[in-house]
Amino acid sequence: MSNEQDKKQDIIKSFLEEKEKVTVLTKDEIHQLLLKRVSGKFDNHTVFRGLTYDRELFPTVFRDTSGKIKNYKNLREYEDKLYSEYNRYSIQYLPYYESLADWLASAQHFGLKTRLVDWTYNPLIALFFAVNNEENNVDSYILSAGKEYTINEFLYFSETTSQSDEFTNKRMWQIRKNLKWIDTNFEFPSCCDFPKNDERCEDFYKNVRQKNKICFLETNNANPRIIAQEGIFQLCRFPTSDTCMSTVEQIKENLINEISNNIDRIYVIPQDVKSCFRSLLNDLNITTPKLFPDLENICRFINSQSLIEI
């Protein structure tokens, strides 16, 4: 994907056509967001995502694939390969995750490409991700959406698998089964496969599939970044056809419609105030060391910040 394609904002700008949902972000608006945050008016029912370019609307599993992922079948093969290899190499570094959701969220934060998309409960953290880039010649944006439907885990299983109970095989069986279950047009799951938060699959079908609601995945605090970024994940569901040959473009179109239908507000951050907002966030300690609490990112921040201050 070329740099020019990377930087398109056509999809985001199409969201601006619903003018009643658009707010240009100023310092006064940030003050209002802070007041709502402190007073508890958001009450953890509103989540935010900061972004600059269209590509950031989509999960990382779509990005930088050199055109090799063309349809649903390619995508699922790619996901299976990613998760299988990550499981093989990461097992010596990670604790045992009883929850598949925690394991996948951890992989996402360590950089593995997944179908998860990061959102946050904190509007200032969303602002950080919107303006924390060197592209000062374009506007950035914050999307705000209501968190109407969440799951805490993909599924639990009331029956044992026919495969070995050995850790790796069981985990990979769960991953494959779960990814099939959350795809939009896949065969309706059997009655034993309920979401782990005890909401029956019929509710999922009614609230998420039929109403086209965003499904959010809430994880445990299994990773320092999730804690620091007050994170929650959009669990992207990919539409399939009977032949499993939906194109990537069709899948993306489905995701765009889902996001567009669920946005409560879109905040526009004009390009000429982005550097001012970066300074404000720095004063509020919404910084790389705070949000990415590991030495590699802290050192990267020190290197760049020290040069700016000099």
Side-chain angles (χ1 to χ4, degrees), residues 1 3-30 32-33 36-37 41-42 45-63 115-133 135-150 184 207-217 229 231-239 247-274 277:
M1 186 177 288
N3 288 335
E4 192 62 32
Q5 289 174 312
D6 275 356
K7 296 177 180 179
K8 281 188 175 180
Q9 296 182 308
D10 294 346
I11 301 170
I12 300 172
K13 287 180 178 178
S14 72
F15 298 159
L16 303 180
E17 294 173 3
E18 294 189 56
K19 298 187 183 301
E20 69 278 3
K21 292 185 177 182
V22 178
T23 299
V24 177
L25 201 61
T26 63
K27 280 192 174 181
D28 287 341
E29 286 292 340
I30 292 177
Q32 291 301 315
L33 286 173
K36 289 181 180 179
R37 170 78 177 172
K41 287 185 178 179
F42 286 137
H45 292 305
T46 304
V47 293
F48 305 87
R49 177 165 175 78
L51 44 81
T52 301
Y53 299 118
D54 286 353
R55 72 196 300 268
E56 296 161 19
L57 291 165
F58 304 114
T60 53
V61 74
F62 281 139
R63 304 183 200 172
R115 63 167 67 191
L116 302 181
V117 175
D118 293 90
W119 292 66
T120 176
Y121 290 104
N122 190 331
L124 291 182
I125 293 175
L127 178 62
F128 173 89
F129 285 104
V131 302
N132 191 42
N133 56 61
E135 295 291 346
N136 289 320
N137 59 342
V138 292
D139 296 342
S140 290
Y141 307 90
I142 296 174
L143 306 183
S144 168
K147 189 193 70 175
E148 295 188 39
Y149 193 89
T150 63
T184 55
N207 290 312
V208 178
R209 292 185 177 180
Q210 289 185 336
K211 294 182 181 179
N212 206 28
K213 296 293 184 184
I214 295 177
C215 181
F216 288 102
L217 177 67
Q229 296 174 15
I232 187 171
F233 299 96
Q234 177 187 351
L235 182 57
C236 294
R237 298 171 300 114
F238 301 155
T247 67
V248 166
E249 292 309 311
Q250 289 171 325
I251 295 171
K252 285 185 175 181
E253 188 66 29
N254 183 74
L255 292 175
I256 292 167
N257 291 335
E258 186 176 272
I259 294 169
S260 177
N261 292 337
N262 288 279
I263 291 175
D264 293 332
R265 183 149 298 277
I266 177 167
Y267 297 91
V268 180
I269 305 161
Q271 54 188 276
D272 57 353
V273 299
K274 287 167 72 172
F277 284 168

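The model shown is predicted, which means the values in this text are computed figures rather than measured ones.
- Between the side chain of Asp54 and the backbone N or O of Asp10 there is at least one donor-acceptor pair closer than 3.5 Å.
- Tyr141 pairs with exactly one of Ile269, Leu25, Ile266 by the side-chain contact (heavy atoms from CB on, under 4.5 Å) rule, that one being Ile266.
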Using side chain to side chain contact (heavy atoms under 4.5 Å, CB included), reason through Thr52 and Gln9 one step at a time and then give a plain yes or no. CA-CA 8 Å; Thr52 301; Gln9 296 182 308; 4.0 Å; yes
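- Counting heavy atoms from C-beta on, the side chains of Thr150 and Leu217 never come closer than 4.5 Å.
- Residues Thr46 and Lys147 fail the side-chain proximity criterion, which asks for heavy atoms closer than 4.5 Å.
- To the nearest 0.5 Å, atom OG1 of residue Thr247 and atom CD of residue Glu253 are 10.0 Å apart.
- Proximity of Phe15 to Lys21: side-chain heavy atoms (C-beta onward) are nowhere separated by under 4.5 Å.
- In terms of heavy atoms, Leu51 sits closest to Ile12 at CD1-CD1, 3.3 Å.
- One distance of note links CD1 of Ile251 with SG of Cys236; it measures 11.0 Å at 0.5 Å rounding.
- Listed by chain and residue number, nothing satisfies the side chain to side chain donor-acceptor pair (under 3.5 Å) test with Thr26 (two or more places apart in sequence, or in another chain).
- Checked by atom type and distance alone, the side chain of Asn132 never pairs as donor or acceptor with a backbone atom of Phe128 at under 3.5 Å.
- Between Phe48 and Trp119, the ring centre distance reaches or exceeds 6.0 Å.
- How far CZ of Phe233 is from CD1 of Ile214: 15.0 Å, rounded to the nearest 0.5 Å.
- Between Glu56 and Arg63, the closest heavy-atom pair is CA-NH2, 3.5 Å.
- Ser260 contributes no side-chain N or O that, together with a main-chain N or O of Asn257, makes up a donor-acceptor pair within less than 3.5 Å.
- No side-chain donor-acceptor contact under 3.5 Å links Asn262 to the backbone of Ala145.
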Given side chain to side chain contact (heavy atoms under 4.5 Å, CB included), test Leu127 with Tyr267 step by step and report yes or no. CA-CA 10 Å; Leu127 178 62; Tyr267 297 91; over 6 Å; no
Working note: Val117 + Phe58, criterion side chain to side chain contact (heavy atoms under 4.5 Å, CB included); need CA distance, chi angles, decisive distance, verdict. CA-CA 7 Å; Val117 175; Phe58 304 114; over 6 Å; no
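- Atoms CG and NZ, from Asp139 and Lys13 in turn, are 7.0 Å apart once rounded to the nearest 0.5 Å.
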Decide yes or no on side chain to side chain contact (heavy atoms under 4.5 Å, CB included) for Leu116 and Gln234, but give the supporting numbers first. CA-CA 6 Å; Leu116 302 181; Gln234 177 187 351; over 6 Å; no
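- Contact detail for Ile142 and Ala130: the closest heavy-atom pair is CG1-CB, 4.2 Å.
- A donor and an acceptor atom, one from each side chain of Ser140 and Lys274, are located under 3.5 Å apart.
- Arg49 and Thr120 share no donor-acceptor pair across their side chains, judged by distance under 3.5 Å alone.
- Under the 4.5 Å side-chain criterion, counting only non-hydrogen atoms from C-beta, Leu255 is in contact with Pro59.
- Using a 4.5 Å cut-off on side-chain heavy atoms (C-beta onward), Phe62 and Lys252 make contact.
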